[in-house]
Undergrad: 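Take a look at this one; I'll ask things after.
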2 protein chains.
Amino acid sequence: MEIERFPLLRVTEQGRNETEDIVTKESPLTIILNNRELVTLLCSPTNLKYLAIGFLFSEGLLRSKDEIKKIIADDRRGVVQVETRKNKEFTGELISKPLIASSGGRKASFYSASDIQDEAKVESQITIAPHEVFALVNEFQHRSRLFKATGGVHSAALCDTGGILVFSEDIGRHNAIDKVFGECILTDILMDDRVIITSGRVSSDILLKVAKGKIPILISKSAPTNLGVRLADDLGITLIGFVRGKGMNIYTNSWRVITQKHE
Amino acid sequence: MEIERFPLLRVTEQGRNETEDIVTKESPLTIILNNRELVTLLCSPTNLKYLAIGFLFSEGLLRSKDEIKKIIADDRRGVVQVETRKNKEFTGELISKPLIASSGGRKASFYSASDIQDEAKVESQITIAPHEVFALVNEFQHRSRLFKATGGVHSAALCDTGGILVFSEDIGRHNAIDKVFGECILTDILMDDRVIITSGRVSSDILLKVAKGKIPILISKSAPTNLGVRLADDLGITLIGFVRGKGMNIYTNSWRVITQKHE
């Protein structure tokens, strides 16, 4: 179960009464890479295997399923061990100078302007129509059942223009995306030419993640930061924000959104 | 300026038009403690000095203003250097095994049940009335001007039961609280017997921060996680969540909320 019930005191103008609330679960996941403890994440205790693999991918420590030799996931203890075929040159450099992102995930791997140049531009020629964006966001909101129950989690989804392919939830907006990545990698779902939706704000670290997955279109119901917009522009990603009701803001690479006269 | 303007394409059912949007700024802050580069945070580029001092306090690397020998803040470069009177035994242990919080701030210092016992229970006998909670949250929402403009930031505030004493905004909910702490420390505002409000979700790492500041009452408009509720209970903190309209949920230590017959 991803929730826990707690007693609480509900106070309103009408008075007070004892009741209970459904609260989202949070627990630690320790990722061990080639017998070395890499990191402990606080996360929602679901799909830990996907989260571990997605995190390694986002951090540039794993590129494809082929590189994985063994995964041992102990969901109860919150530990996932990953062994790669080649024992990566993994010197601990990654974690020696942490960069803490706006409100989540550490980005130790790259950040500065020169680093960003290492990340290839996303070249996909995919296009999307506004009615498809609205339909995807609508489906996305229907799927967010944990949020509806607890108000405490983020969601992410990989889609094609017709619908959602992979959906995940987590207390962290970075973790939710990493869970999507992990599932795609382990179940052989291609991320090129796809669309990713996040419930969270779009800061630079989210853009770098999406670029790592080579995903050309990023949709959010929330706001971007200025670095998020700049990076989306540089990285060739179409950034669509504030999709609410029947309106959306297209910040960058708007050529991928094809509007027709009747829309 | 904490915002930047970008051109964008606005698409609605009525059609498309070129317009522009105000987007919140995000920039890196590197904290150098006693000539050693400690961490780089992504944050809103305001009150960097407060953020640096608050971060050091939250991480247990600084306890009071008296310990500070020198602060050199270079806002333009995004670097704050802090020197302490005693050159702290600071071995880099802190950052050797990062723990990445739910959706933000690393908590390397303590996390496990045994660690939590190191943190003293908050003993304050302060009480608050429901109408005071509603008034504080109302004032808090009026102060959140950057959010209103951009939709992209979190806020935090230190209050007494009568009103807001210190208010801050940041793209990260952890940073917003650290800015409040830093300002309190540098301007000699006591945090005991006070109330803290956050716009963000209440996960375990937020509770540990608030306990570090010995703040007895935590108010959020959002949801807590199960670990957040457990920690608040253990640490003697009154946790009030989902304050919206004229209702609130009191999860723990509800004895500090005094309801009268006419409320």
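Every chain is numbered from 1 and lettered A, B, ... according to where its sequence line falls, protein lines coming before strand lines. Note that the structure is a prediction, hence the values are computed from the model and not measured.
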Undergrad: Tell me whether R244(A) at atom CZ has more than 12 heavy atoms from other residues, nucleotides or ligands lying less than 6.0 Å away.
TA: yes

Undergrad: On a heavy-atom basis, which atom in T225(A) and which in V23(B) lie closest, and how many Å separate them?
TA: C-CG1, 3.1 Å

Undergrad: Using non-hydrogen atoms and a 4.5 Å limit, figure out which bit of N249(A) sits close to chain B: side chain, backbone, both or neither.
TA: both

Undergrad: Are any non-hydrogen side-chain atoms of E26(A) and N226(B) less than 4.5 angstrom apart?
TA: yes

Undergrad: Quick one: which of R230(A), R10(A), E4(A) has the most heavy-atom pairs under 4.5 Å with chain B, could you say?
TA: R10(A)

Undergrad: Please state whether the side chain, the backbone, both or neither of F6(A) comes within less than 4.5 Å of a heavy atom of chain B.
TA: side chain

Undergrad: Got a second to check how far L42(A)'s CG is from D205(B)'s CG, nearest 0.5 Å?
TA: 6.0 Å

Undergrad: Quick check on S222(B) against chain A: is it the side chain, the backbone, both or neither that has a heavy atom closer than 4.5 Å?
TA: neither

Undergrad: Give a yes or no on whether the backbone of V153(B) and the side-chain of R201(A) come within a donor-acceptor separation of less than 3.5 Å.
TA: no

Undergrad: Work out which heavy atom in P130(B) is nearest to a heavy atom in V11(A); give both atom names and the distance.
TA: CG-CG1, 3.8 Å

Undergrad: Minimum heavy-atom separation for T12(A) and G247(B), please, with both atom names.
TA: CG2-CA, 4.0 Å

Undergrad: Could you give the distance from CG (L227(A)) to OG1 (T24(B)), rounded to the nearest 0.5 Å?
TA: 10.0 Å

Undergrad: Might you point out which heavy atoms bring S254(A) and L9(B) nearest each other, and give the distance in Å?
TA: CB-CD2, 3.8 Å

